[in-house]
Amino acid sequence: MSKPTVWITRKLTEATLERARSRYEVIDNPSDGTFTVDEIVEMSRKVDAILPCHSEIFNADVVARLDPRLKIIANHSVGVDHCNLPALKERGIVVTNTPDVLSDATAEIAILLMLGAARRAGEGERLIRSGNWKDWSPAFMVGVQTTGKRFGVLGMGRVGQATARKARGFGMEIHYHNRRPVADEIAEGAVYHDSVEGLLRHSDVLSIHCPATESTRGIINAATLAHLPDNAILVNTARGAIVNDDDLIAALKAGKPWAAGLDVFNDEPAIHPGYMALDNVFMLPHIGSATRETRDAMGARALDNLDAFFDGREPVDRLV
Ligand code: DGY
């Protein structure tokens, strides 16, 4: 039987490519370029499967144009807001993602963003590199301490839980909001709030971990931000779409939240220019899952799902 053809849209790790080539005809992308909608549609005529990243958009218009040859989209990402799942389901195209394997890497970045924002790391780095660091004073670059403060988790899924575990190591008290409370052994004493506003009122650090969906889009906005306590830090490692940029920028200018640490943005990489002038924002370019270990694990998980599909088994991470 001939091997199924898989399009691996972006530059993945050698281990992933080697494993993929052992079982599939692979179309890869060594130059790591990005693709237009027309190119994605054109490629769907040539392949049985696509292994994309969140950089390839499968909205309703694209999905309507995909060739019937395409059977499965095995995402190399946990987030699937780039995929219109109902439209893909309607077309009978299976969709999987890669949960679990990136939780710790993303949690590490959330903690880095919390500390970077709280301790003004970006500002300090820029000062040194500019050559303008002239003296030291006890009044110089004073930040806020996180030890012992309240750590609010918006979305107590796998990444939220992993981040909460790390925040506990800073002696932080964990609060969370989720659609439903999680089991006691998962909550590990974390305090549940049944509303976003309730969580924000109890969050000295608010860390966003919910997926971007119709119900979470823009839930961090002027009205909700107003509930944060003084000197709060906002952290986002989930998706930019959860935050209303205009509102967050205005709130940061007004000092509430006191600072933000952001790894994800609306319209990446062309992010809202209003962030650039703000010294109280510590920013990273969507690298939450970017560790060698996690990239290998994401590739393996995506291929496990692909292998299951082509073996006639149910992929563990099947979404539709
Ligand atoms: C994810 O897996 O969703 C990360 O944001 C990288 O795509």
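Order of listing sets the numbers, starting from 1, for every ligand and every atom in it. Reckoned from all heavy atoms, side chains included, excluding hydrogens, waters and symmetry mates.
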CG/Asp311: more than 12 non-hydrogen atoms of other groups inside 6.0 Å: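 Yes, enclosed.
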
Can you establish whether the number of heavy atoms outside Glu188 located under 6.0 Å from its atom CD is more than 12?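 Enclosed: over 12 neighbouring heavy atoms sit under 6.0 Å from CD of Glu188.
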
Please report which non-hydrogen protein atom sits nearest to atom 6 (C) of ligand 1, along with the residue it belongs to and the distance in Å to one decimal place.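 Checked against all protein heavy atoms, atom 6 (C) of ligand 1 sits closest to His54 ND1, 3.6 Å.
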
Is there a polar contact between ligand 1 and Thr98, counting only N or O atoms under 3.5 Å apart?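 For ligand 1, there is no N or O atom that lies under 3.5 Å from one belonging to Thr98.
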
Do Ser289 and Arg295 get their side chains close enough for a donor-acceptor pair, meaning under 3.5 Å?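 Side-chain D/A pair, Ser289 to Arg295: present.
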
Check ligand 1 against [X] and write out every atom of the ligand that is under 4.0 Å from a heavy-atom position of the residue.
| X | value |
| --- | --- |
| Leu102 | 2 (O) |
| Ser77 | 1 (C), 2 (O), 3 (O), 7 (O) |
| His286 | 4 (C), 5 (O), 6 (C) |
| Val78 | 1 (C), 2 (O), 3 (O) |
| Gly79 | 1 (C), 2 (O), 3 (O) |

Tell me the contacting part of Ser289 for ligand 1: side chain, backbone, both, or neither, using a 4.0 Å heavy-atom threshold, strictly below.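 It is the side chain that gets close, since no backbone atom is under 4.0 Å.
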
Looking at Glu214 and Arg217, is there a salt bridge between them, counting it only when a charged N and a carboxylate O are closer than 4.0 Å?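 Looking at Arg217 and Glu214, the cut-off is met.
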
Take Asn305 and Asp317 through the side chain to side chain donor-acceptor pair (under 3.5 Å) test and state the conclusion after the steps. CA-CA 7 Å; Asn305 287 318; Asp317 305 309; 3.0 Å; yes

With clusters defined by side-chain heavy atoms of hydrophobic residues (ILVMFWY) lying less than 4.5 Å apart, directly or transitively, does Tyr275 cluster with Trp258?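 Each belongs to a different hydrophobic cluster.
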
